[in-house]
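Order of listing sets the numbers, starting from 1, for every ligand and every atom in it.
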Amino acid sequence: MNRISLTQYLVEKQREKGLIPGELRLLLEVVARACKRISYAVGKGALAGVLGEAGSENVQGESQKKLDVIANETLLEANLWGGHLAAMASEEMDHPHFIPNEYPMGGFLLLFDPLDGSSNIDVNVSIGTIFSVLRLPEGVSEPREEHFLQPGDRQIAAGYAVYGPSTLLVLSVGDGVACFTLERETGSWWLTADHIRIPERTKEFAINASNARHWEPPVRRYIDELLAGGTGPRGRDFNMRWVASMVADVHRIMTRGGVFMYPRDAREPDKPGKLRLLYEANPMSFLVEQAGGAATNGHERILALQPGKLHERVAVFMGSREEVERVTGYHRA
Ligand code: AHM
Ligand code: MG
């Protein structure tokens, strides 16, 4: 079988298509290497003592699991000295981590959710890593936190790893979406799907329905219509799935379509949703749009939003275009 490795794929984007600078290729390879290490730690589980609580809290007031901390450190360490980055920001760190003076500074900013789906770590359900790459704005020689506050449309690459039955890396450099599978024995990533397209129509939706009583009217209306099935206004039955790991839910949608929602709700009225804009919603929206799907906060494209702060939250509706457009339309009605 003539297999294409991650390196070959990226070299082609760089050399033949001139789509990405060499520095970005090297950065993405380092991120992929860090994800591989995280995958090995996840795979060892209790045997490596990586399950359970870390006994600390992150800036969002969420208690950290040991793997949240391990994954964060793995990504930081791997990316610190390569010379491609100016700074890194993470769900698990209050403020960005700037590249220390002893290492060369590069022109990119890396953001990540090191371990997405933390509530699934200890129950052996798929979890993942989400990442986003931005450029340090032109003319800036000293990176600061505000330089991360760029709309998602400015991402030059984004991706996620899923640590599931297989370990996958799903990536876009703005030229479609490709999926690589990790061959554990050799540590190589092989291209296993390219030009991924999300079907425009779907019969599957993903939402945490235990929050139904807190939803806003447009979301209630939309879900009620889906639940009404064949005899309701939609005239067909829908199926529901909720893994509670965004990476796994979005990956299912990448594979067979569907719509993923985490709307804002009345539990914490001052927060516009649960998921974070810069390192969860933006990279996932970039991938979903690159695969022909759509992603909004109920009103606007997520990728067009101007972030106001690093750990900002946002409502999320993403996946098959027809459904995202419909639920977004209900917010306008
Ligand atoms: P995390 O990054 O701390 O794991 O939180 C994000 C996760 C998403 O992966 C998932 O879609 C959502 O939180 C699940 O939330 P809930 O537990 O409310 O269903
Ligand atoms: Mg997350």
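Among Q64, M284, K274, the residue whose heavy atom sits closest to atom 14 (C) of ligand 1 is K274. Selection from E91, K65, E62 by nearest heavy atom to atom 1 (P) of ligand 1 gives E91.
Under the 3.5 Å distance criterion, with hydrogens and angles disregarded, a donor-acceptor pair is assigned to the side chains of S245 and N120. N58 and Q64 share no donor-acceptor pair across their side chains, judged by distance under 3.5 Å alone.
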Begin with the C-alpha distance, continue with both residues' side-chain angles, and end with the deciding distance and a verdict on side chain to side chain donor-acceptor pair (under 3.5 Å) for Y262 and E280.
CA-CA 12 Å; Y262 213 117; E280 291 178 321; over 6 Å; no

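Of all the atoms in ligand 1, the ones that sit under 4.0 Å from a non-hydrogen atom of N208 are 16 (P), 18 (O), 19 (O). Near A244, meaning under 4.0 Å from one of its heavy atoms, ligand 1 places the atoms 9 (O), 10 (C), 14 (C). Of all atoms in ligand 1, listed by their number and element, those nearer than 4.0 Å to a heavy atom of R276 are 1 (P), 2 (O), 3 (O), 5 (O), 6 (C).
At a heavy-atom distance under 4.0 Å, no atom of Y279 approaches ligand 1. Counting heavy atoms under 4.0 Å from ligand 1, residue D113 touches it through the side chain alone. By the criterion of a heavy-atom distance under 4.0 Å, both the backbone and the side chain of S118 are placed next to ligand 1.
More than 12 non-hydrogen atoms from other residues, nucleotides or ligands lie less than 6.0 angstrom from CD of Q306.
Using 4.0 Å as the threshold, S119 has no heavy atom nearer than that to any atom of ligand 1.
Taking only nitrogen or oxygen atoms, main chain and side chain alike, D249 does not reach within less than 3.5 Å of ligand 1. Of the polar atoms of F260, none of the N or O atoms is found under 3.5 Å from an N or O of ligand 1, judged by distance alone. Among the atoms of Y262, some N or O lies under 3.5 angstrom from an N or O of ligand 1. Considering backbone and side-chain N/O atoms, G117 comes within less than 3.5 Å of an N/O atom of ligand 1.
Of the options R221, R267, R264, a salt bridge (charged side-chain N to carboxylate O under 4.0 Å, His left out) to E216 is made by R264 and by none of the others.
Nearest protein heavy-atom neighbour of atom 9 (O) of ligand 1: M246 N, 2.6 Å.
Sorted by chain and number, the protein atoms of type N, O or S within less than 2.8 Å of the Mg ion (ligand 2) are D113 OD2, D116 OD1, E280 OE2.
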